[in-house]
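Reading through the structure tokens given below for one structure.
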Protein chains: 2
Amino acid sequence: MVKILNNPMNEDSSVRSVLRGGQRIRARNEARLINAAIQVFADRGLEGATTARIAETAGLPKANLYYYFASKETIYRRAVLGILEKWLDAFNALSPDDDPALAIADYVRAKMTASFNHPAESRLFARELLSGAPIVKHYLETELRDWVARKSVIIKAWSDKGLMAPVSPPHLFFIIWAATQTFADFSVQIDCVLGPEDRSSRQEIATDEIVSFVLRACGLGG
Amino acid sequence: MVKILNNPMNEDSSVRSVLRGGQRIRARNEARLINAAIQVFADRGLEGATTARIAETAGLPKANLYYYFASKETIYRRAVLGILEKWLDAFNALSPDDDPALAIADYVRAKMTASFNHPAESRLFARELLSGAPIVKHYLETELRDWVARKSVIIKAWSDKGLMAPVSPPHLFFIIWAATQTFADFSVQIDCVLGPEDRSSRQEIATDEIVSFVLRACGLGG
DNA sequence: GAATAACCTGACCATATGGTCAAGATTTTA
DNA sequence: TAAAATCTTGACCATATGGTCAGGTTATTC
């Protein structure tokens with residue numbers, strides 16, 4: 001478990017603090033506000049979002065937001081770091097003993113599911129990166145860099161054994177991240193190009209297409 | 001040539017209006033302001049950018065910006081539509097008689113070059129899409145959709161003839177766009193992950209990696 | 001070279017919004 | 001149940017910034 005934020009929700013809180021009243025109201029309202037913030041920041045960006053709108057989305061008056069968060073930057077920070085932490089934990093697949101095809105397919109599939117089910121998180125993160133990553137830069141240089149280094153060893157081992165094509169592991173991740181997150185970040189574009197037909201089956205088709213594309217590129221049939 | 005904006009620069013201006021004084025000053029100052037706007041909007045977004053900063057970047061006082069553009073939205077619109085028009089014209093490759101491997105490699109290479117040489121344009125466009133494409137949506141539904149439809153016929157013909165693997169042509173473009181533009185849009189992330197070594201050779205390495213990745217996925221060796 | 005059109009800009013205004021606060025309501029604790 | 005702690009919120013303020021404008025300068029035309 002990667003520890004980035006040290007909010008109480010990271011600890012034993014889930015049981016205790018829900019029972020005792022200690023921080024019950026605080027936990028509930030902060031969660032509401034963070035979720036609202038993710039939505040609004042994802043849609044409008046740090047400067048485009050107003051604290052009034054975040055509060056309204058959370059169903060609370062603006063002054064209440066400032067009771068829990070010192071500033072707009074503070075709640076932005078919490079939202080972005082929360083997403084990063086969640087992502088680093090969620091995608092921890094790829095162990096050396098796995099079958100490369102299965103492991104990579106699983107990873108890509110999980111990323112696609114995340115893009116379709118939680119697009120706002122991806123969009124907010126995209127905005128943070130577009131702005132030069134003022135908040136997460138430090139974690140990209142450490143946590144994420146290490147994560148990629150660890151996974152790269154595994155990929156390298158696979159291609160050295162001839163189990164897959166020799167790809168540059170970091171670039172493999174860059175492509176997978178880009179190709180999967182594009183379905184969250186730039187979904188307007190995709191919807192416009194594909195037009196109004198068959199909107200329902202689209203997630204499955206896209207997922208299969210991206211998975212087999214990546215597998216083929218890795219020399220893993222498909 | 002796709003016509004989206006009807007600014008004078010699209011017509012015979014290049015010769016005549018540079019010679020006659022007619023619109024000379026206007027053309028020069030509008031160009032300066034648009035270029036500055038692309039930079040500033042790319043870095044900060046529509047709401048984060050200030051007209052004062054755009055003007056300053058262009059080396060003009062703010063009131064001068066408002067002499068040429070009615071509002072911040074107006075200059076934003078001009079910047080975004082200008083990029084779209086340029087892109088639709090620039091990437092018109094892929095003719096049926098080409099060799100698939102060469103044609104696709106050329107296209108990917110051109111997109112990579114654009115990402116490295118004009119990252120601000122890509123970033124601004126990314127922001128526009130993240131915000132739901134309020135300005136370009138209409139053109140995505142028409143110009144871009146048609147563009148993809150035309151290219152899709154060619155790709156389809158190639159795979160029908162067995163010249164390449166059977167891929168969904170639109171999804172091929174989505175992946176290529178995502179994988180190439182990520183080097184402009186999310187370059188911070190890439191730089192953080194790759195660390196401080198060999199900064200110079202990186203463009204070439206990345207380009208080769210993405211090109212051969214895509215070719216392999218298309219069943220075109222690599 | 002005078003009249004006309006195009007361009008320039010410091011000073012200014014109106015509004016939106018980030019943030020504060022004081023007074024009161026609820027909840028928790030002992 | 002009373003005191004302490006936590007939570008709630010309408011009303012308010014200060015500032016940043018989008019946008020205006022009047023008066024002046026430069027360029028173009030005839």
Side-chain angles (χ1 to χ4, degrees), chain A residues 7-9 13 15-34 36-37 39-41 43-80 131 134-135, chain B residues 7-9 13 15-34 36-37 39-41 43-80 131 134-135:
Chain A
N7 56 352
M9 290 304 279
S13 65
V15 178
R16 223 181 53 196
S17 86
V18 166
L19 296 180
R20 310 193 325 169
Q23 306 277 53
R24 203 178 66 239
I25 296 174
R26 176 172 220 102
R28 171 174 52 90
N29 283 351
E30 285 191 357
R32 279 188 189 171
L33 286 164
I34 292 283
Q39 286 297 335
V40 177
F41 283 134
D43 285 351
R44 321 230 165 182
L46 173 57
E47 292 90 351
T50 66
T51 52
R53 191 174 198 102
I54 293 171
E56 188 198 331
T57 303
L60 296 169
K62 185 179 74 160
N64 210 340
L65 182 152
Y66 282 97
Y67 176 73
Y68 290 108
F69 299 95
S71 67
K72 190 161 87 154
E73 269 69 30
T74 302
I75 192 170
Y76 175 80
R77 181 181 205 88
R78 278 279 298 271
V80 169
S131 299
I135 305 299
Chain B
N7 55 352
M9 291 303 281
S13 64
V15 178
R16 223 182 51 198
S17 85
V18 167
L19 297 180
R20 313 192 323 168
Q23 306 277 52
R24 203 178 67 241
I25 297 172
R26 176 172 222 101
R28 171 175 52 91
N29 283 350
E30 285 190 358
R32 278 188 190 171
L33 285 163
I34 293 282
Q39 286 298 334
V40 178
F41 283 135
D43 285 351
R44 321 231 165 180
L46 173 57
E47 293 90 351
T50 67
T51 52
R53 191 176 199 102
I54 293 171
E56 188 198 331
T57 303
L60 296 170
K62 186 178 74 160
N64 210 339
L65 183 152
Y66 283 97
Y67 177 73
Y68 291 108
F69 300 95
S71 67
K72 189 161 88 154
E73 268 70 29
T74 303
I75 192 169
Y76 175 79
R77 180 182 205 87
R78 279 280 297 272
V80 169
S131 299
I135 306 300

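Values reported hereafter were calculated over all heavy atoms of this structure, with side chains retained and with hydrogens, waters and symmetry mates removed. So that the names make sense, note that chain A is the first sequence line, chain B the second, and so on, each numbered from 1.
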Kindly list each side-chain donor-acceptor pair under 3.5 angstrom involving residues 43-54 of chain B, sequence neighbours excluded, with atom names and distances?
{"from": "B:T50", "atom 1": "OG1", "to": "B:R53", "atom 2": "N", "distance (Å)": "3.0"}
{"from": "B:T51", "atom 1": "OG1", "to": "B:Y66", "atom 2": "OH", "distance (Å)": "3.4"}

Tell me, with the steps shown, if B:K72 and B:F41 meet side-chain contact (heavy atoms from CB on, under 4.5 Å).
-> CA-CA 10 Å; B:K72 189 161 88 154; B:F41 283 135; 4.1 Å; yes
side-chain contact (heavy atoms from CB on, under 4.5 Å) evaluation trace for A:N29 with A:Y67 | CA-CA 10 Å; A:N29 283 351; A:Y67 176 73; over 6 Å; no
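One finds no side-chain N or O of B:R26 lying less than 4.0 angstrom from the OP1 or OP2 phosphate oxygen of C:dA6. Between A:N29 and D:dT8 there is a side-chain polar atom (N or O) within less than 4.0 angstrom of OP1 or OP2. A:N64 has no side-chain polar atom (N or O) that falls below the 4.0 Å cut-off from OP1 or OP2 of D:dG10.
Using five terminal pairs a side, the axes of the helix from C:dG1-D:dC30 to C:dA30-D:dT1 at its two ends make an angle of 20°, given in steps of 10 degrees.
As a whole-Å value, the separation of A:R24 CZ from C:dT26 P is 15 Å. To the nearest angstrom, P of C:dA22 lies 16 Å from OH of A:Y67. Here the C1' atom of nucleotide D:dT8 and the CD1 atom of A:I25 are 10 Å apart, to the nearest Å. Rounded to a whole Å, the CD atom of A:E30 is 12 Å from the C1' atom of D:dC7. Rounded to an integer number of Å, the gap from CZ of B:R28 to C1' of C:dC8 is 12 Å.
Residue-level contact check: B:Y68 touches the backbone only, with heavy atoms under 4.0 Å from sugar-phosphate atoms and none from bases.
Residues satisfying the side-chain hydrogen bond (donor to acceptor under 3.5 Å, both in side chains) criterion with A:T57, sequence neighbours excluded, are absent altogether. Under the side-chain contact (heavy atoms from CB on, under 4.5 Å) criterion, B:P61 pairs with B:N64, not counting sequence neighbours. Residues satisfying the salt bridge (charged side-chain N to carboxylate O under 4.0 Å, His left out) criterion with A:R28, sequence neighbours excluded, are absent altogether.
Remark: of the listed residues A:L33, A:I75, A:T74, A:L33 is the sole one forming a side chain to side chain contact (heavy atoms under 4.5 Å, CB included) with A:Y68.
Side-chain contact between A:L65 and A:L60 is absent, with no heavy-atom pair separated by less than 4.5 Å.
Between B:E56 and B:K62 no salt bridge is recorded (no basic side-chain N to carboxylate O distance below 4.0 Å).
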Where protein sits on nucleotides 13-20 of chain D, one letter per nucleotide: B base, S sugar-phosphate only, - none, heavy atoms under 4.0 Å | ----SBBB
